[in-house]
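Reading through the structure tokens given below for one structure.
The first residue in the sequence is number 1, and the count goes up from there. Just follow the structure's listing: the first ligand is 1, and inside any ligand the first atom is 1.
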Amino acid sequence: MNVSIVGSGYVGTTVAACLADLGHEVTTIDIDEAIVDAINDGESPIHEPGLDELVAEHGGRRLRATTDYDAIRDTELTMLALPTPSNEDGSIDLQYMEAGAASVGEALADGDGRDEPHLVVTKSTVIPRTTDERLAPRIAEAGLERGTDFLVASNPEFQREGTAVADFLNPDKLVFGADDPRALAALGELYLPLREAAESEVSVVETGIAEAEMIKYANNTFLASKVSLINDIGNVCKEFDVDAYEVADAIGLDDRIGERFLRSGVGWGGSCFPKDTDAIIAAAREQGYDPAVLSAAVELNDAQPERLLALLDDHVDVRGEPVAVLGLSFKPGTDDIRNTRAVPVIEGLRERGADVVAYDPVATENMHEKYPDIEYADSAADALAGASGAIVVTDWDEFAALDSEFDAMKASVVVDGRRIVDRREGITYEGLTW
Ligand SMILES: NC(=O)c1ccc[n+]([C@@H]2O[C@H](COP(=O)([O-])OP(=O)(O)OC[C@H]3O[C@@H](n4cnc5c(N)ncnc54)[C@H](O)[C@@H]3O)[C@@H](O)[C@H]2O)c1
Ligand SMILES: O=c1ccn([C@@H]2O[C@H](COP(=O)(O)OP(=O)(O)O[C@H]3O[C@H](CO)[C@@H](O)[C@H](O)[C@H]3O)[C@@H](O)[C@H]2O)c(=O)[nH]1
């Protein structure tokens with residue numbers, strides 16, 4: 001198929017490169033010329049395992065990039081993979097989606113040269129009814145008629161950062177939200193090569209557009225709440241000197257609970273869980289319903305970094321003392337620091353008058369832009385040398401191998417927010433929930 005994808009960020013680039021690899025002709029459209037040039041030169045604009053190879057192979061060939069929306073006219077299906085950030089009150093900011101939809105409508109105003117209506121698919125995470133009530137009208141503004149000139153559908157994305165390519169190519173499920181059989185047929189054709197190439201049978205959920213939009217929020221908020229629940233249980237465990245990880249391993253054996261997303265600690269961050277949880281809470285409240293469990297999940301998540309700092313306070317007064325912060329990205333495998341738990345930890349240390357010495361294998365540059373005035377070490381060993389305490393924020397594998405490096409600390413107090421450092425003799429070790 002000939003497809004276009006509007007927005008070439010984490011999702012748009014991954015989806016575009018994978019679809020090109022599966023045999024489709026793909027054009028990505030972005031307002032950022034540097035991104036467009038990179039893709040056409042065969043270079044991935046983002047850091048994601050496996051993506052460099054795909055963009056190198058297809059960039060400038062079956063995968064082309066442009067800033068010109070008119071390219072849509074040469075395609076039969078357009079996906080919107082634009083940002084959906086939060087407004088200050090947590091509600092969803094739809095300005096990029098609405099602008100993109102309007103540009104798609106203008107580009108399609110002269111037709112795409114086919115008799116069939118052009119299918120516009122919402123890939124971004126949006127509040128239920130956004131595609132119907134906010135995006136379809138923007139597309140139609142150019143004088144187009146829904147059903148005749150264009151169709152809309154929702155196809156939310158479930159990939160994770162750090163494993164995005166593998167997740168996209170082997171999804172747990174595909175969700176097709178549509179109200180027209182022609183839209184469903186086009187989505188079926190688009191994903192057929194993926195289903196044929198996938199390592200195991202892929203479930204396809206055919207549903208309404210608003211249901212598909214809600215499935216994405218239910219998925220993310222369920223997982224975020226699962227982590228908050230195990231954190232809540234973990235905090236109780238800590239009070240009784242019980243190891244929350246042994247408890248989690250056991251309850252995970254119950255199929256009804258499942259073993260994944262039971263790692264308790266300093267909480268969830270990233271570009272999705274925090275903003276999506278806030279957005280669906282804000283949207284529900286606007287409808288007059290206050291989702292109590294989701295609100296509690298956010299509240300608990302916000303409190304975990306302070307609990308971690310309180311454990312350090314129990315052992316050492318950090319005023320005027322160097323404190324190592326190990327890990328800055330929101331999870332291992334990425335340099336993304338959006339909503340990382342490292343931020344409240346660094347803020348808390350600065351409020352206490354500590355001298356922060358931060359280390360991360362890949363996210364230092366990004367954090368330096370946010371905090372140019374803290375010290376950055378080149379290795380975990382350098383960060384620990386002379387420190388009066390260490391706080392572990394991200395579960396990078398290399399922290400599991402730390403050992404004699406702790407001997408060079410001034411006071412060997414290690415507070416672990418991710419259960420990655422081993423207890424050993426000679427250090428005062430505190431796990432957040434164990
Ligand atoms: N990041 C993830 O892992 C992930 C996973 C699943 C779903 N999502 C959802 O996918 C959506 C996109 O997220 P992302 O992380 O890829 O965002 P991103 O910020 O990485 O990328 C968005 C891209 O859109 C471009 N853009 C902005 N306005 C534009 C316009 N008017 N026309 C053309 N291009 C424009 C930007 O230059 C940028 O390259 C969001 O709704 C997000 O919640 C993200
Ligand atoms: O047991 C766990 C699992 C995760 N986390 C934290 O949860 C956050 C999110 O992790 P993860 O879900 O692995 O990464 P994301 O890339 O944010 O992916 C989520 O957000 C994406 C964007 O919507 C979705 O597509 C994915 O399905 C969804 O998992 C990170 O801070 C993790 O440290 C924990 O604290 N404990």
(request) Mark the output for Val227 as yes if a heavy-atom distance to ligand 2 is under 4.0 Å, and as no if none is. (result)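 It does, in that a heavy atom of Val227 comes within the 4.0 Å cut-off of ligand 2.
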(message) Check contact between Gly267 and ligand 2, using heavy atoms of the residue and a distance below 4.0 angstrom.
(response)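 Yes, that is the case, since the closest heavy atom of the residue is under 4.0 Å from the ligand.
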(message) Evaluate Tyr69 for polar contact with ligand 1, using N/O atom pairs at a separation under 3.5 Å.
(response)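 Yes, since at least one N or O of Tyr69 sits under 3.5 Å from an N or O of ligand 1.
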(request) Please confirm whether Thr125 comes within less than 3.5 Å of ligand 1 when only nitrogen or oxygen atoms on both sides are compared. (result)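 Yes; at least one N/O pair falls below 3.5 Å.
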Counting heavy atoms only, which part of [X] comes closer than 4.0 Å to ligand 2: side chain, backbone, both or neither?
| X | result |
| --- | --- |
| Arg418 | side chain |
| Asn220 | side chain |
| Lys216 | side chain |

Looking only at heavy atoms, is any part of [X] under 4.0 Å from ligand 1, and if so is it the side chain, the backbone, or both, or is it neither?
| X | value |
| --- | --- |
| Ser124 | both |
| Ile35 | side chain |
| Cys272 | side chain |

Of the listed options [options], closest to [atom] (non-hydrogen atoms):
| atom | options | answer |
| --- | --- | --- |
| atom 12 (O) of ligand 2 | Phe330, Tyr217, Phe261, Tyr10 | Phe261 |
| atom 14 (P) of ligand 1 | Tyr96, Phe158, Tyr10 | Tyr10 |
| atom 36 (N) of ligand 2 | Arg260, Arg160, Arg263 | Arg263 |
| atom 22 (C) of ligand 1 | Pro83, Pro156, Pro85 | Pro83 |
| atom 3 (O) of ligand 1 | Glu161, Arg338, Lys216, Glu98 | Glu161 |

(message) So, 4.0 Å and heavy atoms of Lys275: is ligand 1 close enough to count as a contact?
(response)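 The answer is yes: ligand 1 sits under 4.0 Å from a heavy atom of Lys275.
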(message) Check for me whether Lys123 has a heavy atom closer than 4.0 Å to any atom of ligand 1.
(response)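 Distance cut 4.0 Å: Lys123 fails for ligand 1.
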(message) Under 4.0 Å and counting heavy atoms only, is there anything from the protein next to atom 17 (O) of ligand 1?
(response)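 So far as the 4.0 Å threshold goes, atom 17 (O) of ligand 1 is out of reach of every protein heavy atom.
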(message) Using only atom types and a distance under 3.5 Å, with no angle test, would you say the side chain of Trp396 pairs donor to acceptor with the backbone of Pro332?
(response)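 Judged by distance alone, no pair lies under 3.5 Å.
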(request) Return yes if some donor-acceptor pair links the side-chain N/O of Gln304 with the main-chain N/O of Gly265 below 3.5 Å, else return no. (result)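 Side chain of Gln304 to backbone of Gly265: a pair is present.
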(message) Tell me if the centroids of the rings in Tyr191 and Phe176 come within less than 6.0 Å of each other.
(response)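 They qualify: ring centres under 6.0 Å apart.
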(request) Do me a favour and list the nearest non-hydrogen protein atom to atom 35 (C) of ligand 1 with residue, atom name and distance? (result)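 Scanning the protein heavy atoms, the shortest distance from atom 35 (C) of ligand 1 goes to Leu82 CD2, 3.2 Å.
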(request) Distance to 0.1 Å, residue and atom name: give those for the protein heavy atom nearest to atom 25 (C) of ligand 1. (result)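 For this ligand atom, the closest protein heavy atom is Asp30 OD2, 3.2 Å.
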Which of the numbered atoms in ligand 2 are under 4.0 angstrom from any heavy atom belonging to [X]?
| X | result |
| --- | --- |
| Phe158 | 24 (C), 25 (O), 26 (C), 27 (O) |
| Cys272 | 20 (O), 21 (C), 22 (C), 23 (O) |
| Glu157 | 25 (O) |
| Gln159 | 21 (C), 24 (C), 25 (O), 26 (C) |

(message) Using a 6.0 Å cut-off, check whether atom CD of Glu259 has over 12 heavy atoms from anything other than its own residue.
(response)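 It does not: Glu259 CD has 12 such atoms or fewer within range.
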